[in-house]
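Structure first, then comments.
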Number of protein chains: 2
Amino acid sequence: MTVRSPSLDRVDTAAAPALGIRQVSEETGLSIDTLRWYEREGLLPLVERSTDGRRRYPPGALRFIRLVQALRRTGMPVADVRQFIELGGGELAHHPERMALLEQQCAQIEQRLVELQDDLAVVRAKIETYRGLIARGLDCEDDLPDDVLDRVRADELLTGTLPVLTSPQR
Amino acid sequence: MTVRSPSLDRVDTAAAPALGIRQVSEETGLSIDTLRWYEREGLLPLVERSTDGRRRYPPGALRFIRLVQALRRTGMPVADVRQFIELGGGELAHHPERMALLEQQCAQIEQRLVELQDDLAVVRAKIETYRGLIARGLDCEDDLPDDVLDRVRADELLTGTLPVLTSPQR
DNA sequence: CTAGGAGCTGGAGTGCACTCCAGCGCAACC
DNA sequence: GGTTGCGCTGGAGTGCACTCCAGCTCCTAG
């Protein structure tokens with residue numbers, strides 16, 4: 001749409017679009033209600049108003065929303081996002097503090113990533129178990145003793161052979 | 001505590017521990033209340049009772065709880081976990097259906113992993129932005145035009161030099 | 001035999017993050 | 001100049017996943 005000549009070095013801010021709430025909602029996937037609610041909650045400081053009182057979102061606001069979304073999606077509570085934002089409204093003095101908060105969040109995300117991968121492994125293992133049970137026509141393994149269960153998994157995964165298992169009791 | 005001789009091949013189920021609710025809570029990190037609530041909600045079908053009515057968790061129940069935890073942590077709602085469990089109570093005929101559900105969940109987890117990594121990148125980028133701003137003593141970039149902002153990031157990351165930027169207006 | 005502690009039940013309460021709604025204003029179109 | 005559409009506000013409502021609680025039972029130790 002708006003093609004900006006690369007020769008422009010001194011940029012006029014007015015050239016930037018400044019979207020309405022509906023567009024922002026579509027762009028970000030946040031509902032209109034959520035956008036309004038975030039603003040009331042102090043999560044979106046850069047939103048402006050047009051003459052008739054409607055919200056306008058300049059590009060900086062949109063960028064900020066993306067950050068807020070990243071923080072929210074990665075598990076930071078709304079209250080903590082607000083706290084991050086309230087740190088001195090963008091003054092240089094608070095940058096290190098803000099950075100520290102973000103780095104803390106990074107650590108949490110990394111932890112979450114590991115956990116997710118572990119959980120994925122658990123679910124995949126269960127799928128393999130079902131595959132093994134189906135292959136040899138067993139019902140459910142949940143009440144089989146550990147060692148038999150282990151063999152169901154190990155055999156299937158390692159050897160590919162299907163030894164006949166006698167289900168112990170029941 | 002309970003040492004099991006490795007010579008035992010035919011395992012008697014009685015030899016397995018069967019924990020009390022407190023131990024399970026400590027093992028899994030789920031609160032006692034949550035364990036009881038999950039059971040009421042039908043998420044824990046393998047829990048037994050001792051003569052005096054207290055819950056006993058045989059090893060199979062504990063394994064099952066781990067699966068439920070994996071599903072819950074990866075975003076499956078309680079209602080969906082129940083649905084998964086209610087599929088014919090462990091009969092062979094429903095294994096393919098259960099597998100399909102788990103495979104669907106796997107796909108969701110993978111998607112979530114990608115999203116998390118993206119969000120991590122967003123937060124890391126913001127940290128880099130702060131680093132750049134601090135290095136050249138600027139306040140907040142949120143109302144700078146796009147291209148200046150881009151330069152703040154790109155300069156810092158690619159060249160390591162710090163060109164003097166004139167903050168346009170404000 | 002009594003006191004303390006753990007566990008049980010059904011039901012009420014909580015916290016979070018939205019989501020919905022009534023009633024209003026502005027602006028454009030017919 | 002009405003009506004249609006979009007947006008605004010403050011406040012109430014919702015859904016989910018727990019979490020707490022009162023009042024009970026059972027077992028064990030003293």
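Nothing here was measured: the structure is a model prediction, and the numbers come from that model. Numbered from 1 within each chain, the chains take letters A, B, ... in sequence-line order.
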* Any Lys/Arg nitrogen of B:Glu41 or B:Arg82 sitting under 4.0 Å from an Asp/Glu carboxylate oxygen of the other? -> yes

* Do A:Arg54 and A:Glu48 meet the salt-bridge criterion of a basic N to acidic O distance under 4.0 Å? -> no

* To do: Give, ordered by number, those residues of residues 25-42 of chain B having at least one heavy-atom distance below 4.0 Å to an atom of DNA chain D; if nothing qualifies, reply none.
  =>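 Of all residues in residues 25-42 of chain B, the ones placing a heavy atom under 4.0 Å from DNA chain D are B:Ser31, B:Asp33, B:Thr34, B:Trp37, B:Tyr38.
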
* Please work out which residues in residues 48-56 of chain A have a non-hydrogen atom less than 4.0 Å from an atom of DNA chain D and list them by number. =>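 Those residues are A:Arg49, A:Gly53, A:Arg54, A:Arg55.
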
* Could you pull out all residues at least two apart from B:Asp118 that satisfy side chain to side chain contact (heavy atoms under 4.5 Å, CB included)? => B:Val114

* Could you pull out all residues at least two apart from A:Val122 that satisfy side chain to side chain contact (heavy atoms under 4.5 Å, CB included)? =>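 Side chain to side chain contact (heavy atoms under 4.5 Å, CB included) check on A:Val122 returns B:Leu67, B:Ala70.
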
* Nearest heavy-atom pair of B:Pro45 and B:Phe64: which atoms, and what distance? -> CD-CE2, 3.8 Å

* To do: Locate the shortest heavy-atom distance separating A:Glu39 from A:Leu44; write the atom from each residue and the value.
  =>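 The answer is CG-O, 3.9 Å.
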
List, one per line, each side-chain donor-acceptor pair under 3.5 Å for residues 101-111 of chain B, sequence neighbours excluded.
{"from": "B:Gln105", "atom 1": "NE2", "to": "B:Thr74", "atom 2": "O", "distance (Å)": "3.4"}
{"from": "B:Gln105", "atom 1": "NE2", "to": "B:Thr74", "atom 2": "OG1", "distance (Å)": "2.9"}
{"from": "B:Glu110", "atom 1": "OE2", "to": "A:Arg124", "atom 2": "NH2", "distance (Å)": "2.3"}

* Asked: Relative to the ring of B:Tyr130, is the ring of A:Phe84 parallel (under 30°), tilted (30 to 60°) or perpendicular (over 60°)?
  -> perpendicular

* Compute whether any side-chain donor of one residue and acceptor of the other, for B:Ser31 and B:Asp33, lie under 3.5 angstrom apart. =>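 Result is no, nothing qualifies.
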
* **Nucleotides bounding contact with chain A, strand DNA chain D, heavy-atom threshold 4.0 Å** =>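 Using the under 4.0 Å cut-off, the span is D:dG5 to D:dG11.
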
* Asked: Between the side chain of B:Arg72 and the main-chain N/O of B:Met76, is any donor-acceptor distance below 3.5 Å?
  -> yes

